[in-house]
Amino acid sequence: MAGSNNHKNTEAGSIKSAFGAANRARLINAYFAQQSEENITPDQAWAHVYRLLLWVDQTTGLGHCYESDKSQPGKRWYARSLAFHDWLSTALGVAPDELAKQIDWLFLQAAEDLAANVIRQAANVTAKAETQRKPYQGRGFPRPGEDPELVTIVRETLGRYLGSEPPPEVWDKLVQRVRQYLALENKRKNLVGEGFEDVLAQVLQRTCRRDDMEVFTRRALHELQGFNRMRAGDKPNKVDVSVIRPSMRTLVTAKWSVRADREKQFVTDFTDYVNAESDRKPFEYIFVTNEFDPARLMRACEQLVGNALMFKHVVHISTDAIKATYGLSGEGKDEAASMQRVLKHIDEGRLISLEQWLAGLKSE
DNA sequence: TGTTGAGGAAATGTGATAAC
DNA sequence: GTTATCACATTTCCTCAACA
C-alpha cells in the first residue's frame, strides 16, 4: 500500500481525482470494512470482484459479459447475456431487476465523488469563465454548453406538453445534465483497467493472509526481487500485479477483457521478464481475466513460448459463470468447437477459477 | 514551496475493412 | 455471412518542468 502518492486526497469530502489510485484504494478499503470477516474467503472472491467492478449494460439492462454491440436483442450474445444475468442474480441471491444496484459499487461511489467535486468547483469555474468571456461580451458569441439540436429534439418530442418556453439558461442546464449523464459511462474504462488490478491485489491479500507473501500493483519489473534493470534509457516495464513469496515469484497480467491486439503484448512482456530474470530461479506467469469469448480464452490457454505453455494458469473470475453462460448454445460451428475446448480446459484444470487459484496460494 | 499546464501513457470501445 | 484485424476515438490520470 505504501508508496501511493496520496497528495491531499485523504480528507473526506475533498477528493481531487475521483478515479485515481488514492481514491480507489480508499473505496476498496471502505468496501471490505463493511464486509463480515467470514465472508472474506477464497470461495467468495468472485462475488467481491463482481460486486465491486461488474456493471449492467445500459442498453440491455443485463450484466455485462460481452461487447455491447454484440449483446443486443436478436444477436448471439443476447441469449448468453440473459443466461449470465440469470446465473449471477441467483448466485448473489438477488432478484434479476435488483442486480444493477448490487454490483458496480466502485464505479457508483467514484462517480458520486466526481459529482461532488464538480459541484464544489462549479462557482469557481463559472466565475473564471465569465472573465474569459468578458472581452467578447455583447457580440453574440455561442454560450458554453449550447446545443440547439438537442434542444430541438426535446422541444419537438415534448411538443404541446411543454407549458411555456423555458429560458435559455434552463435549456443550457438541461443540455449540460444530459451531456454529463452520457459522458459518465465512458469514464468506466479507467476503473476497469487499473481498478481491476487494485481489486485483485486486495482480494489476494485479504483472503490469503500470509506473512511471507507480498503483493504489488504496477511495480517496475526491476524493482521486483531477482529481475534486472533493462538497458539504460528503455522505459521501465511495469507488472500489473506481482505476488512474491520465498518459494515463488508470480507475475500476473490482469485484463478484465481481451482484444486481439493486446494478446500480442502477453508474449513480448513475457520475453522481457525472461530476459530480465537474474536469480536463476523459475517464476510463474499468470493471466487473470473476466473475458467470456471462447476463442480468446482458448488462445490464452494454449499460447506457447518455445515449446512450453506460456501461462502457468489462466484464471477466470468465475468458471461457473462461463459454464452457465455458454449453456447449450454455440451457433456457429467454430464457436461451438471453441466453447467445447474452453470447457475441456476447465475440466482439465488449465483454466481455473479465482477461487481455485487463491485456495492454492493459501494452502501451499 | 506550492501550483499549473503540456504531453505521455494506459485503458476499453467502436466502425471499417480484410479474410475466411 | 461471420470473424479477425486495424486504426482511431475517448477519457482520465500521472509526471515533470516552468513558474510565481
Side-chain angles (χ1 to χ4, degrees), chain A residues 3-9 14-27 53-60 64-72 74-80 104 106-107 109-111 113-115 117-118 121 124-125 128 132 179-200 217-221 233-241 253-269 288-300 303 329-339 341:
Chain A
S4 63
N5 35 350
N6 277 31
H7 293 303
K8 294 177 200 162
N9 253 5
S14 75
I15 282 101
K16 204 174 67 177
S17 306
F19 292 86
N23 198 40
R24 290 197 310 265
R26 186 183 73 84
L27 289 172
L53 290 173
L54 189 74
W55 66 97
V56 157
D57 186 301
Q58 280 184 316
T59 60
T60 62
H64 176 279
C65 66
Y66 207 72
E67 278 101 87
S68 177
D69 56 328
K70 289 139 190 139
S71 303
Q72 293 305 307
K75 304 233 169 171
R76 281 172 313 138
W77 279 87
Y78 187 61
R80 289 173 204 150
D104 209 15
L106 204 52
F107 180 73
Q109 293 288 316
D113 292 338
L114 183 77
N117 202 29
V118 169
Q121 309 216 314
N124 223 334
V125 170
K128 211 166 185 176
Q132 287 172 321
R179 281 256 168 75
Q180 251 167 39
Y181 173 71
L182 295 176
L184 189 62
E185 195 58 25
N186 286 328
K187 304 181 200 303
R188 182 185 299 286
K189 304 179 183 88
N190 301 295
L191 219 61
V192 174
E194 295 195 345
F196 186 39
E197 300 163 7
D198 295 340
V199 167
L200 272 183
T217 51
R218 301 178 289 283
R219 176 152 290 205
L221 183 61
D234 280 2
K235 77 173 159 79
N237 195 338
K238 286 184 184 166
V239 183
D240 291 349
V241 178
T253 176
K255 307 267 171 269
W256 183 262
S257 67
V258 194
R259 202 60 84 260
D261 49 323
R262 280 183 274 142
E263 283 177 35
K264 287 177 206 136
Q265 215 186 317
F266 295 151
V267 184
T268 55
D269 282 348
V288 183
T289 187
N290 192 52
E291 178 62 62
F292 277 80
D293 183 287
R296 296 173 197 163
L297 281 173
M298 190 187 79
R299 279 198 295 271
Q303 177 68 53
S329 70
E331 285 165 35
K333 215 173 172 185
D334 292 346
E335 199 183 28
S338 301
M339 284 185 175
R341 243 155 106 178

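None of these values were measured; they are calculated from a predicted model. Every chain is numbered from 1 and lettered A, B, ... according to where its sequence line falls, protein lines coming before strand lines.
- Atom CZ of A/R341 is surrounded by 12 or fewer heavy atoms from other residues, nucleotides or ligands within 6.0 Å.
- Look at NZ on A/K238: it is 16 Å from P on B/dG8, rounded to the nearest Å.
- Rounding to whole angstrom units, CG of residue A/L114 and C1' of C/dT12 are separated by 10 Å.
- We find that CG of A/D198 is positioned 13 Å from C1' of C/dC13, with the value rounded to whole Å.
- Here the nucleotide nearest the side chain of A/E197, chosen from C/dT12, B/dG13, B/dA11, is B/dA11.
- Which of B/dG13, C/dC14, C/dC13 sits closest to the side chain of A/F19 comes down to C/dC13.
- With sequence neighbours left out, the ring-ring contact (aromatic ring centres under 6.0 Å, His included) criterion links A/Y66 to A/W77.
- Counting to the nearest Å, the P atom of B/dA11 and the CG atom of A/N290 are 17 Å from each other.
- Remark on the helix from B/dT1-C/dA20 to B/dC20-C/dG1: inter-end axis angle 10°, axes from five-pair C1' superpositions, rounded to 10°.
- Not a single donor-acceptor pair under 3.5 Å links the side chain of A/D104 to the backbone N or O of A/W55.
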Given side-chain contact (heavy atoms from CB on, under 4.5 Å), test A/T289 with A/L297 step by step and report yes or no. CA-CA 9 Å; A/T289 187; A/L297 281 173; 4.1 Å; yes
From CA spacing to verdict: side-chain contact (heavy atoms from CB on, under 4.5 Å), A/F196, A/D240: CA-CA 10 Å; A/F196 186 39; A/D240 291 349; over 6 Å; no
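- Computed from coordinates, the A/R24 CZ to C/dC14 C1' distance equals 11 Å when rounded to whole Å.
- In this structure, A/L53 atom CG and B/dA11 atom C1' are separated by 14 Å, rounded to whole Å.
- Residues A/H64 and A/V192 fail the side-chain proximity criterion, which asks for heavy atoms closer than 4.5 Å.
- A donor-acceptor contact shorter than 3.5 Å is absent between the side chain of A/R219 and the backbone of A/V239.
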Atom pairs under 3.5 Å: protein N/O with N/O of nucleotides 5-9 of chain C:
{"residue": "C/dC6", "atom": "OP2", "partner": "A/K264", "partner atom": "NZ", "Å": "3.1"}

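- Of the candidate nucleotides C/dA4, C/dT11, B/dA11, C/dT11 has the atom lying nearest to any side-chain atom of A/K187.
- Using a cutoff of 4.0 Å between basic side-chain nitrogens and carboxylate oxygens, A/R80 and A/D293 are not scored as salt-bridged.
- With rounding to whole Å, A/F196 atom CZ is found 14 Å from B/dT12 atom C1'.
- Comment: A/E194 does not engage A/K238 in a salt bridge, judged by the lack of any side-chain N to carboxylate O separation of less than 4.0 angstrom.
- Taking atom OH of residue A/Y66 and atom C1' of nucleotide B/dT14, one finds them 14 Å apart after rounding to whole Å.
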